[in-house]
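A quick write-up on the structure given underneath.
Just so it is clear, the values below take in all heavy atoms, side chains as well, and ignore hydrogens, waters and symmetry mates.
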Amino acid sequence: MDELYRENILDHYKRPRHFGRPDEFDLEFEDTNPFCGDEQHVYITLDDERRVDGVAFEGKGCAISTAATSMLTEELAGKTREELLRLDKDFVLELLGIDISATRMKCALLGLKVVKSAALGNAADWEDEGAAGNPALERDAL
C-alpha cells in the first residue's frame with residue numbers, strides 16, 4: 001500500500017496540480033521551511049460567498065513539500081476561510097498516506113501553513129515544530 005502512496009507523491013511532485021501564479025487572486029501568502037529552504041507561495045480566489053473558488057501555488061521544494069501542497073490544493077474548493085483555518089496536520093498527513101519522520105514534518109506541513117496564513121492575512125504558527133535536523137539527508141527516502 002505504501003508503494004501506491006509513494007507513486008502518488010512522486011506524481012504530484014513531478015506534475016504538481018494548480019501550479020503557477022494566477023492573474024487575479026484575493027488571498028496570498030508565501031513562506032519557507034527554515035530547515036531546508038523549501039519555498040511555497042499560495043494564491044486563493046474567493047467567490048461571491050467568500051468560499052474558495054480557485055487555488056494555485058508556486059515555489060520550489062522537496063518531493064514531500066511540493067506533493068503535499070499540490071494534494072492540498074485539490075481539497076480546498078468551496079471551503080470558507082474559517083474552514084481553511086480548521087484544517088490540521090492530520091488532514092495533510094492522511095493525504096500523503098505515508099509515515100513522515102520528525103525531520104520531514106515541516107516539509108509536509110509547509111503548504112498547510114501557507115494556506116492558513118493566506119486565510120489569516122498574516123503568518124500562522126507551525127502545526128508541528130518537527131525535529132531539528134537536515135531533511136535533505138532523508139530526500140532519498142521515497
Side-chain angles (χ1 to χ4, degrees), residues 1-2 4-139 141-142:
M1 187 67 134
D2 268 4
L4 289 175
Y5 285 111
R6 291 178 198 284
E7 288 177 20
N8 192 36
I9 289 168
L10 288 174
D11 181 51
H12 275 270
Y13 173 62
K14 292 176 182 176
R15 290 174 288 286
R17 292 8 167 229
H18 310 284
F19 192 82
R21 181 187 174 102
D23 292 333
E24 296 181 17
F25 50 88
D26 299 299
L27 308 171
E28 71 167 316
F29 202 83
E30 67 179 316
D31 207 345
T32 62
N33 177 342
F35 288 144
C36 67
D38 291 347
E39 301 172 0
Q40 300 292 342
H41 193 143
V42 170
Y43 308 91
I44 299 172
T45 56
L46 303 173
D47 63 18
D48 292 338
E49 295 177 5
R50 308 298 289 166
R51 293 184 173 275
V52 174
D53 186 45
V55 62
F57 79 102
E58 60 184 3
K60 62 184 175 104
C62 67
I64 295 294
S65 174
T66 301
T69 303
S70 176
M71 291 175 184
L72 184 61
T73 63
E74 293 192 307
E75 303 295 324
L76 303 182
K79 294 193 182 308
T80 65
R81 289 169 82 168
E82 292 76 21
E83 289 170 323
L84 295 178
L85 294 172
R86 285 195 298 266
L87 295 173
D88 63 11
K89 77 174 190 176
D90 290 334
F91 182 79
V92 174
L93 296 177
E94 286 177 26
L95 291 174
L96 289 168
I98 62 169
D99 289 334
I100 302 295
S101 70
T103 56
R104 298 302 298 271
M105 194 60 69
K106 277 196 186 321
C107 300
L109 298 179
L110 179 59
L112 177 63
K113 181 179 189 263
V114 176
V115 165
K116 286 184 166 191
S117 298
L120 281 171
N122 57 51
D125 291 331
W126 282 100
E127 285 279 323
D128 186 310
E129 286 301 315
N134 185 349
L137 296 177
E138 294 184 32
R139 289 195 194 271
L142 287 179

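With T32 as the partner, the side-chain contact (heavy atoms from CB on, under 4.5 Å) test is satisfied by one option alone out of Q40, K60, E39: E39. With L110 as the fixed residue, the side-chain contact (heavy atoms from CB on, under 4.5 Å) test singles out one of I64, V115, D31, V42: D31.
For the pair S117/E30, no side-chain contact is recorded, criterion being any heavy-atom separation below 4.5 Å from C-beta on. Put simply, the side chain of N33 does not reach to within 4.5 Å of the side chain of K113, judged on heavy atoms. Under the 4.5 Å side-chain criterion, counting only non-hydrogen atoms from C-beta, I9 is in contact with M71. Looking at heavy atoms from C-beta onward, R6 lies in side-chain contact with I98 at the 4.5 angstrom threshold. Using a 4.5 Å heavy-atom cutoff, the side chains of L85 and L120 are in contact. For the pair T73 and V55, the minimum side-chain heavy-atom distance is below 4.5 Å. Taking the side chain as every heavy atom from C-beta outward, I44 and E28 never approach each other to under 4.5 Å. Using a 4.5 Å cut-off on side-chain heavy atoms (C-beta onward), C107 and F35 make no contact.
The salt bridge (Lys or Arg N to Asp or Glu O under 4.0 Å) check on D11 picks up R15, R17, with sequence neighbours excluded. For H41, the ring-ring contact (aromatic ring centres under 6.0 Å, His included) test picks out Y43, with sequence neighbours left out.
Between E58 and F19, the closest heavy-atom pair is CA-CE1, 3.6 Å. Across every non-hydrogen atom of A118 and F29, the tightest pair is N-CB, 3.6 Å. The two residues H12 and S70 make their nearest non-hydrogen contact at ND1-OG, 2.6 Å. Shown here for A63 and Y13, the closest heavy-atom pair between the two residues is CA-CD1, 3.3 Å. Taking both residues in full, the closest heavy atoms of D53 and L46 are given as CB-C, 4.0 Å, listed atom of the first, atom of the second, then distance. The shortest non-hydrogen separation linking G61 to T66 is O-OG1, 3.6 Å.
Rounded to the nearest 0.5 Å, atoms OG1 (T69) and CG (L112) are 9.0 Å apart. Atom CG of residue L76 and atom CZ of residue R51 lie 13.0 Å apart, to the nearest 0.5 angstrom. Rounded to the nearest 0.5 Å, atoms OG (S65) and NZ (K106) are 12.5 Å apart.
R81 places a side-chain N or O within donor-acceptor distance of the main-chain N or O of A119, the cut-off being under 3.5 Å. Under a 3.5 Å cut-off, the side chain of E94 and the backbone N or O of F91 do not form any donor-acceptor pair.
For N122, the CG atom sits in a packed shell: over 12 heavy atoms of surrounding residues, nucleotides or ligands are nearer than 6.0 Å.
Applying the ring-ring contact (aromatic ring centres under 6.0 Å, His included) test to pairs two or more places apart or on separate chains, none has a residue in residues 62-89.
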Under the side chain to side chain contact (heavy atoms under 4.5 Å, CB included) rule, what do D125 and K116 come out as? Steps first, then yes or no, please. CA-CA 9 Å; D125 291 331; K116 286 184 166 191; over 6 Å; no
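For E24 and T45, the side-chain atoms include no donor-acceptor pair closer than 3.5 Å.
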